[in-house]
Protein chains: 2
Amino acid sequence: MQSIATRSPPGSKGQETAKRVRKAALKRFAGAGYAAVSMREIAADVGVRPGALYNHFPTKQDILKDLMLTHMADLLVAWDTAQFPAAMDPLERFVRFHIRYHLERADEVFISYMELRNLEPDNFEIIEAERRRYEAILTSILHEGSAAGRYSVDDPKVATRAIIAMLTGIPTWYREGGHLGEHDVEDLYLTMVRKAVASETRKFQAETG
Amino acid sequence: MQSIATRSPPGSKGQETAKRVRKAALKRFAGAGYAAVSMREIAADVGVRPGALYNHFPTKQDILKDLMLTHMADLLVAWDTAQFPAAMDPLERFVRFHIRYHLERADEVFISYMELRNLEPDNFEIIEAERRRYEAILTSILHEGSAAGRYSVDDPKVATRAIIAMLTGIPTWYREGGHLGEHDVEDLYLTMVRKAVASETRKFQAETG
DNA sequence: CTTGAAAATGAATGAACGTTCATTTATAGA
DNA sequence: TCTATAAATGAACGTTCATTCATTTTCAAG
């Protein structure tokens with residue numbers, strides 16, 4: 001007796017081609033923009049004729065939707081399951097997590113920001129809701145830290161947008177092998193973020209473990 | 001005897017149509033993205049047939065190039081000619097200038113950031129050079145202020161990118177008539193930027209009037 | 001009013017687009 | 001080996017695209 005979950009349908013190659021389509025579309029969309037990429041180009045990257053793409057995705061729009069929805073869902077799951085030293089404060093957790101995740105998934109992040117306007121309204125709303133959920137995490141950290149006197153933030157929502165914009169800009173200039181390592185970047189930004197929200201009477205902490 | 005400079009050629013409507021083309025293309029490119037906008041749409045906005053556009057711009061690409069080159073040149077001229085109270089410190093000048101300019105010209109800014117990848121290499125290089133010139137203004141402010149002990153910035157180039165990303169993100173969420181006025185936003189961001197680059201021993205300045 | 005050049009028209013061009021579909025090929029289970 | 005189904009093919013569909021061009025219209029200067 002065999003488990004249903006592990007049985008592959010006849011004629012199937014699993015989801016291998018679909019994965020390759022996602023990967024090729026991700027690269028192309030990130031590089032040239034959704035509207036400038038043709039199904040023919042994606043098919044050529046995958047090594048298949050254009051028509052074959054439609055065995056895996058009903059339309060080009062659905063490929064974009066799949067990439068963006070998956071990305072936002074993954075982002076929130078990654079935050080929920082991220083492991084940090086117990087002593088690390090929430091703001092440091094968020095900054096390090098955000099930088100790491102966004103450097104690891106530069107293409108996904110880029111697409112999810114740049115191609116929002118190419119999403120149909122329903123899908124746009126889903127993505128926006130996820131984005132708001134993610135921003136709410138930082139807002140809550142700032143709000144609670146502010147209430148406890150650990151930070152001084154005039155407007156936690158504005159500060160959230162400011163910090164996230166600052167951090168999300170990193171992949172536009174950071175390159176592996178440059179004179180700054182990923183850890184250096186984390187430390188530099190963490191210092192700036194901490195100072196930006198610091199209580200006015202508080203000493204800044206230069207060392208960042 | 002009449003001045004050559006003021007004589008209009010016969011049959012000409014001055015540069016009126018060209019201006020309308022720029023304006024329509026700006027709105028369309030900002031709204032839907034360069035690749036998703038057709039010459040037919042631009043022509044319809046202008047109130048002219050598609051072929052007429054080619055009396056003013058040789059190709060669609062040239063419209064984009066014109067918009068982006070003009071924007072970057074205008075930005076640098078605006079900085080050079082901006083008027084500020086004599087007592088205002090350079091960092092405050094830059095922050096207020098950047099926010100004002102980017103809120104005033106949201107469409108131009110958006111295009112110059114989003115459509116870089118649709119520029120031909122030569123034009124891309126020109127735009128990038130202008131962007132570097134603009135960033136160098138802030139880097140220099142941070143560098144000199146740091147040397148003078150007014151700020152404490154570990155890496156002026158990284159801080160420049162962080163600050164500019166933070167400020168440039170404002171037009172993505174700021175809306176006129178919201179609960180924050182433009183001046184409120186300036187003050188909030190100025191406070192965060194000042195704190196982010198503050199010397200560690202320095203008291204923050206809360207009032208920004 | 002005439003002239004001449006700029007601007008706009010209307011029609012057309014070939015190319016590229018997303019997508020469809022009847023048919024063939026590949027493959028895993030019986 | 002046979003069967004059933006997924007996957008891929010190859011060709012085509014109608015549409016839209018940026019661009020071209022001969023012709024017509026517009027209009028300031030003479």
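Any value given below was found using the heavy atoms of this structure, including those in side chains, with hydrogens, waters and symmetry copies removed. Labels below follow one simple rule: chain letters A, B, ... track the order of the sequence lines, proteins then strands, and each chain is numbered from 1.
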Taking atom [atom2] of [N] as reference, at what distance in whole Å does atom [atom1] of [X] sit?
{"X": "A:Q15", "N": "C:dT27", "atom1": "CD", "atom2": "P", "value": "16 Å"}
{"X": "B:R49", "N": "D:dA22", "atom1": "CZ", "atom2": "C1'", "value": "17 Å"}
{"X": "A:E16", "N": "C:dT27", "atom1": "CD", "atom2": "C1'", "value": "13 Å"}
{"X": "B:Q61", "N": "D:dA18", "atom1": "CD", "atom2": "P", "value": "12 Å"}
{"X": "A:R40", "N": "D:dG10", "atom1": "CZ", "atom2": "P", "value": "14 Å"}
{"X": "A:Y54", "N": "D:dA11", "atom1": "OH", "atom2": "P", "value": "18 Å"}
{"X": "A:M39", "N": "D:dC17", "atom1": "CE", "atom2": "C1'", "value": "18 Å"}
{"X": "B:K60", "N": "D:dT20", "atom1": "NZ", "atom2": "P", "value": "15 Å"}

Q.
Categorize B:V37 for me: base, sugar-phosphate, or nothing, with a 4.0 angstrom heavy-atom threshold over every strand shown.
A.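 Sugar-phosphate, backbone atoms only, no base.
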**Q.** Exceeds 12 heavy-atom contacts within 6.0 angstrom, atom CZ of A:R133
**A.**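 Atom CZ in A:R133 is not crowded, with 12 or fewer foreign heavy atoms closer than 6.0 Å.
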Q.
If you count every heavy atom of other residues, nucleotides or ligands that lies below 6.0 Å from B:H143 atom NE2, does the total exceed 12?
A.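 No.
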Tell me whether the side-chain N/O atoms of [X] come closer than 4.0 Å to OP1 or OP2 in [N].
{"X": "A:T17", "N": "D:dA8", "answer": "yes"}
{"X": "A:S38", "N": "C:dC17", "answer": "yes"}
{"X": "A:H56", "N": "D:dA8", "answer": "yes"}

Q | Which residue lies more 5' along DNA chain C, comparing B:V48 with A:A36 via nearest heavy atoms | A |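 Mapping each residue to its closest nucleotide by heavy atoms, the 5'-most match is B:V48.
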Q.
Is it true that A:E144 and A:S140 share a donor-acceptor pair across their side chains at a distance under 3.5 Å?
A.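 There is such a pair (donor and acceptor under 3.5 Å, judged by atom type) between the side chains of A:S140 and A:E144.
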Q) Are A:E92 and A:R96 close enough for a salt bridge, meaning some N to O gap below 4.0 Å? A)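 Yes, A:E92 and A:R96 are salt-bridged.
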Q.
For the backbone of A:H98 and the side chain of A:H102, can you confirm whether one donor and one acceptor N or O come within less than 3.5 Å of each other?
A.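 Yes; judged by distance alone, with no hydrogens or angles, the pair exists.
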Q. With a 3.5 Å cut-off and just heavy-atom distances, do the side chain of A:N55 and the base of D:dA8 make a donor-acceptor pair?
A.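 Answer yes: a donor N or O sits under 3.5 Å from an acceptor.
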Q) Of all the choices, D:dT19, D:dA8, C:dA8, which nucleotide is nearest to the side chain of B:T59 once you look at every atom? A)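 Nearest to the side chain of B:T59 among the choices is D:dT19.
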